[in-house]
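Scroll down for the structure; my scribbles are underneath it.
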Amino acid sequence: MKDEFPFRKFERKWQERWRASRVFECSEDPDREKFYCLEMFPYPSGKLHMGHVRNYSIGDAFARYHRMKGCNVLHPMGWDAFGLPAENAAIERNVHPGDWTSQNIDTMRAQFKSFGFAIDWTREVATCHPEYYRWCQWFFLKMYERDLAYRKKSQVNWCQACRTVLANEQVENGTCWRCHQPVRMRELNGWFLRITHYAEELLNDLEMLRGSWPDRVITMQQNWIGRSEGAYVDFPLDRDTGSIRIFTTRPDTLYGATFIVLAPENPLVMKLAERSGMQAGLQAFIDKVRSVDIIERTSTGIPKEGVFTGCYAINPLTEESIPIWVSDFVLMEYGTGAIMSVPAHDQRDFEFARKYQLPIRIVIVPGGEIPDEDTMEKAYEAEGIMVNSGRFTGMPAAEGKRRIIDYLEMENMGEGAVTYRLRDWGISRQRYWGTPIPVIHCPQCGIVPVPETDLPVRLPVDIEFDWKKGGNPLADWPPFVNVRCPRCNKNARRETDTMDTFIDSSWYFARYTSARNTRSPVDPVKVDYWMPVDHYIGGIEHAVMHLLYARFFQKVMRDIGLTRVGEPFTRLLTQGMVCLEVLKCPRDGYLYPDETIQDENGSPVCAKCGQPVMVGRSEKMSKSKRNTKDPEEYLARYGADTMRLFSLFASPPERDLDWSDTGVEGAFRFLKRVWRFAQDWHEELADSANRDLHLDPEPDSSPGRIRNRVHQTVKRVTANFESRYHFNTSISACMELVNELVAIPGPHTGQEVPEPYCDVIIEAFRKLVPLLSPFAPHFAEELWSMMGNRSLLAASPWPEYDESVAFEDMIIVPIQIQGKVRARLEVPAGTSPEVLEAMARADESVGRWTRGKTIRKIIIVPDRLVNIVIS
RNA sequence: GCCGGAAUGGCGGAAUUGGCAGACGCAAGGGACUUAAAAUCCCUCGGUCCUCUGGACUGUCCGGGUUCGAUUCCCGGUUCCGGCACCA
C-alpha cells in the first residue's frame, strides 16, 4: 500500500527514539549559546484541552528551531499543582486532593508525551511536592527576615463560596475570579508580602521590556501599579489636638480646598463622632455603606452619599476652618483614606459640593478671567494660572505644585510623596491544598518563624476530614496545629493559613534550572547560566497577576543573592484563545454538537425539544458553554503532527484561533500530500543523504526556478522564527513550495524523472523536511530517516540558504498609469530606472493609455513599479 | 468615563519600509477517476457591468486629508474585543 500514511506507527516510534536518546535533556555548557524556552506550566485539571495544545505547540516550535540552530536549549515542564479545584473535587467525589492531583498529572504527562513535545522531563517539578514547596516556605522566611512579609488585620475580599480570601487581582467586577460569586468585605488577620517596596522598580523596569513584551501587557502593568505623584498634607483639627493627613496630586489647588472627606472605614470617623456627639448618625451611615455589596459600591455611576461629622479642620494655607465629611467615594485602601476636596477643580468633588451646598473656590484659571463660582457647571481640571492663592497667585500651576510642596515641607505641614495603586500582596488562604505558611503562634513569644532547618512544614496527607464541611481542615487537625514553640518550647499553635498558589508559580521558572537541588531553591551558577527565560509563552489572562508576581520574586531572589538576573522573561508571547461557535437552544441552553439533530431543511434543532438551535458567535472554548473539543479524539484520528500543524497554521499565535474540523482535515491533507509525493519519489530519495548533488541548473530553467523557490522558502521560514513568529505564514510558504514541486513531471504524474530535476528534488527535500520539523516533528523525522540520515533530525542543523540562489533574477514590474496597473514588464532584477522608463514608454499597451496625453511625470522604483502620471 | 487593540472575499487569514489587495488554507460550484462511495487529481471562485479565450469600473468598517500611489501615514467618526474604573 503505497498511499498508506502510518502516522500512528511512526509517531510512537520517534517519541520512543527521542526518549531513549535523551536528545532533549540538557546541561550547562558555557561554550554554547543557551536558549531557555518556556510555556506557562499547566494546572493539572484532568486532561489537556485545546488551549494547552496550542500553547505547547507554539513553544515547542521555538524550542526545536533553536536547538537545530545550535543553541543549548532548556525546555522544561511541570505542574502548578496546588489550588482550589483539587479541593472542590474532593468535596464533590470524596477523593483526596493529593490523589486527584497526582492522577491528573499522570494522565496529562502521558498526553504531553503523545504530542511529542521536545521536553527535558528530568527537570519536571510539581508545586505540591514537599521538595518544591519547602522552598516556597524558605522564600517566605527570607522575606519575613527582611520585613517583606508581615501580618496585619485588614479588610479583605472574601468569597463565601470558596470560603477564602482573594487578592485584589483575583476579584473581577466584584466577583470571584474562579467561581464568579459576589465577593464581600471582611476583616481578617493575614499575611502580606511587601510588593509595594518594589513598586518603583517594577514600574521602571517595564521600559527594558518595551519592544519584546506586548505593549498592552506593559500598559496593563503600568496601570495596575498606578504611580501618582503629589503630596501629603496635614490639616490640623479645629479646636482640638491632632490633624488629618491627606494625599493629593494637586497641591497647587490647596487654596481651593473647602472641605475634607474621610473614608467610612477611617478610624478617625468615630473619634470625631464622639467629639461632636454625632455617633448615632455616623454609625448608621457607616453601616449603610457596609451593607452595600462591593459591586455596587465600586461602580462609578451611582450618586455619592455623604454625612457631616460635626467637626472642622484648618486649611494650613488659608487658615480657614473647613468642615469634615464622610463619604463612600473615599477609599480607605488608597492614600491615607482621607482627601481634601477642591470642588472647583475636581469633577467628583464639584458634584459632591453642589449636592450638599458646600463652598466652591476657584484657584486655577486658564486665562485672566475668573468664572463665577455660583454658576459654573463643571470643575476646571486642566492646567492654568493660580489665583486666590496668597503668595502663589500668578504662578503657573506646574510651578505652584513644586513651590507649595517646598513650603509645606519647610513649615512642617506636609511633604512631597508618591503613592501607588498597587497594594501589598495578601497571600493567606483559608484552604488545605496549598503551601503551609511556616510560622508558629506562641502565647509567650508571639509570632515565631519555623527555623529553616525544620523545613519543609509538611502538609499532612493522612488528614481525616469531612470535605463537605468546607473551610480549612488544617485548623481542625490537632496533629498539625499543636506544636512546641521553637523558641521557648512551650505549647503553641501552628499557622493554618496556606499560601496563595501564585507564590508557587512566581519562581518555578528558576527552579527548572536546578530542579533537584536540595541545598537551596536554585543553584546560583546554573540559574545564572539559564536565566532569564528567552521566550515565555502563555495566555494574556496572566498579564497582570502572574507576570507581576514573578517579576517581584525575581527581584527578591536577586536581592537575597541567589541570582544576578533582575527580570525573569526577556520576551513574552501572549497567545490567543482557542474559540468555537456556541450552540444554544432557547429552552435547554448551551448544547454540544451531538445534542443537536438536523430537521427536514437541514437546519440544526435541539435533540431534546426539537426547537431550532441558535448558532452563536465564536467564543473561548469552555465546558460551561459546551463548545469544547477533546484533543484526544483528534489525536487518535489525525495524530499529533496534524493537530500541531493546524494549531499553528490557523492564525498567528497572538490572535484567537477558531477551531475548525475541516481546517484540521486540511492540515492532515497537506501532510499526506507531502508523504505521498515522497513515496512516489522513493527511488530517488531513499538513502540519498550522502549523495553528492550536481546543482547547477540554468537559473531561468524550470529546475532553476525550483531551486530558487527552495532557497527562498528556507529564508522566509528562518526569518519568521527570528522576528515575527507568524508560523501560519511559515507553513504557507512550505505549502507553496510543495505546490511547485508537485507541479513538475515525475513518478507521481506517471512520468520518468527528467534528469535535471532529480538532484534538485533531493535538495528540496533536504531543506523542506527540516523546515517542517518544528511544526510536524514525527513526520519530518520519519522522512529524514527514509532519506538515509542516521542521526536524529531533532539534533541536526537547521537548513541554510544561499542568498544568490534565493535571489530572484527576473522580476515582473507593473506599469501604472495614474496609479492603475495597465501593463507589466519582465526585466532582470536591478534594471536601471532609465531602462525601465524607456521600456515603459515603448510599451504598446502603455501607448494606448497615453496617446494624446502629456506625460507629466514618471515615478520609477527599481524592481518594484513604474507609475506614469499624465495630465 | 479613561487606556489599549482590532475591523480585509462565504470563512480563517496574507500583503518586510507607502508600491500588482486577497498568498496559503477552508467552504462552495463544476469536472476527471470509480459500478458506487471514500481517497485523489484538475478547473472556477470579492462585487458590478460589457461588445465575454478579453476588458471596464469598483472594492481592505465609514467620512475627510497627505501622496504620483494608502489595507499601510494623519484627522474625525462607527462597531467589536480587552484592561482599568470613585485611585484623590
Side-chain angles (χ1 to χ4, degrees), chain A residues 3 5 172-173 214-224 226-228 230 246-250 253 257 261 263 297-302 304 327-331 333-342 346-349 351-352 419-423 540-541 543-544 579 617-618 646 649-652 654-667 669-670 672-673 676 716 719-720 723-724 726 728-739 742 748-749 812-824 856-861 863-870:
Chain A
D3 277 354
F5 180 48
E172 293 171 352
N173 284 327
D215 283 343
R216 60 175 173 155
V217 175
I218 292 177
T219 309
M220 281 160 77
Q221 294 221 350
Q222 283 171 334
N223 292 342
W224 193 264
R227 183 181 198 272
S228 42
I246 60 97
F247 176 74
T248 179
T249 53
R250 296 291 305 272
T253 64
V261 189
R297 171 128 184 236
T298 55
S299 64
T300 38
I302 60 158
K304 323 303 177 210
S327 174
D328 53 358
F329 78 82
V330 179
L331 307 176
E333 303 85 56
Y334 186 77
T336 60
I339 62 158
M340 68 175 197
S341 252
V342 185
D346 180 286
Q347 185 58 23
R348 196 188 37 205
D349 293 350
E351 284 161 23
F352 193 81
T419 59
Y420 300 90
R421 208 192 75 106
L422 180 72
R423 320 276 157 76
I540 184 72
E541 65 272 23
V544 178
C579 300
R617 65 154 192 226
S618 188
F646 171 75
F649 177 66
S651 69
E654 70 277 10
R655 264 211 237 184
D656 285 352
L657 179 151
D658 281 318
W659 189 259
S660 153
D661 285 355
T662 53
V664 176
E665 198 82 50
R669 207 147 43 212
F670 170 69
K672 275 197 296 188
R673 195 162 181 236
R676 211 163 344 99
R716 281 170 73 184
N720 239 328
S723 68
R724 264 163 36 107
H726 282 201
N728 54 331
T729 61
S730 303
I731 295 166
S732 293
C734 294
M735 288 174 167
E736 282 177 63
L737 178 60
V738 170
N739 289 345
V742 169
H748 60 293
T749 55
I812 293 169
V813 175
I815 303 175
Q816 297 182 336
I817 293 164
Q818 306 292 67
K820 284 178 186 166
V821 180
R822 299 300 184 188
R824 290 184 170 83
R856 257 187 28 219
K857 199 170 167 187
I858 299 185
I859 289 109
I860 297 166
V861 184
D863 293 351
R864 275 259 126 104
L865 91 160
V866 176
N867 188 11
I868 300 172
V869 188
I870 53 177

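Naming convention: chains lettered A, B, ... in sequence-line order (proteins, then strands); numbering from 1 in each chain.
Across the protein-nucleic acid pair, A:His726 atom NE2 and B:rG13 atom C1' stand 11 Å apart, rounded to whole Å.
Note on A:Asp215: nothing from the nucleic acid sits closer than 4.0 angstrom, heavy atoms only. Note on A:Arg824: a base of the nucleic acid sits closer than 4.0 angstrom, heavy atoms only. Across all strands, A:Arg864 comes closer than 4.0 Å only to sugar-phosphate atoms, never to a base (heavy-atom distances). As judged by a 4.0 angstrom heavy-atom cut-off over every strand, A:Arg617 is placed among residues touching the sugar-phosphate backbone only. Residue contacts shown for A:Ser228 are limited to sugar-phosphate atoms, with no base heavy atom under 4.0 Å away. Using a 4.0 Å heavy-atom distance criterion, A:Gln816 is classed as a base contact. Contacts of A:Gly226 with the nucleic acid, taken as non-hydrogen atoms under 4.0 Å apart, are absent. Counting non-hydrogen atoms under 4.0 angstrom, A:Asn739 reaches the backbone sugars and phosphates but no base. Among the atoms of the strands shown, none is found under 4.0 Å from any heavy atom of A:Ile858.
Syn is the glycosidic conformation of B:rC52, whose angle stays within 90° of 0. Taking the O4'-C1'-N9-C4 or O4'-C1'-N1-C2 dihedral as appropriate, B:rG10 has a value more than 90° from 0 and is therefore anti.
When every heavy atom of A:Asp346 is checked against every heavy atom of A:Asp349, the shortest pair comes out as OD1-N, 3.0 Å.
In this structure, A:Thr219 and A:Glu333 both approach RNA chain B, and ranking their closest nucleotides by distance from the 5' end singles out A:Thr219. Place A:Arg822 and A:Arg669 on RNA chain B by their nearest nucleotides, and A:Arg669 ends up nearer the 5' end.
Here the straight-line distance linking atom OG1 of A:Thr336 with atom CG of A:Leu331 works out to 11.5 Å at 0.5 Å rounding. The distance from atom NE2 of A:His726 to atom CZ of A:Arg655, rounded to the nearest 0.5 Å, is 8.0 Å.
Rounded to whole Å, the P atom of B:rA39 lies 10 Å from the corresponding atom of B:rA27. Atom name P, nucleotides B:rC20 and B:rC11: the rounded distance is 24 Å, in whole Å. One C1' atom belongs to B:rC68, the other to B:rG55, and the distance between them is 25 Å to the nearest Å.
Counting only heavy atoms from C-beta outward, the side chains of A:Arg216 and A:Ile540 approach each other to under 4.5 Å.
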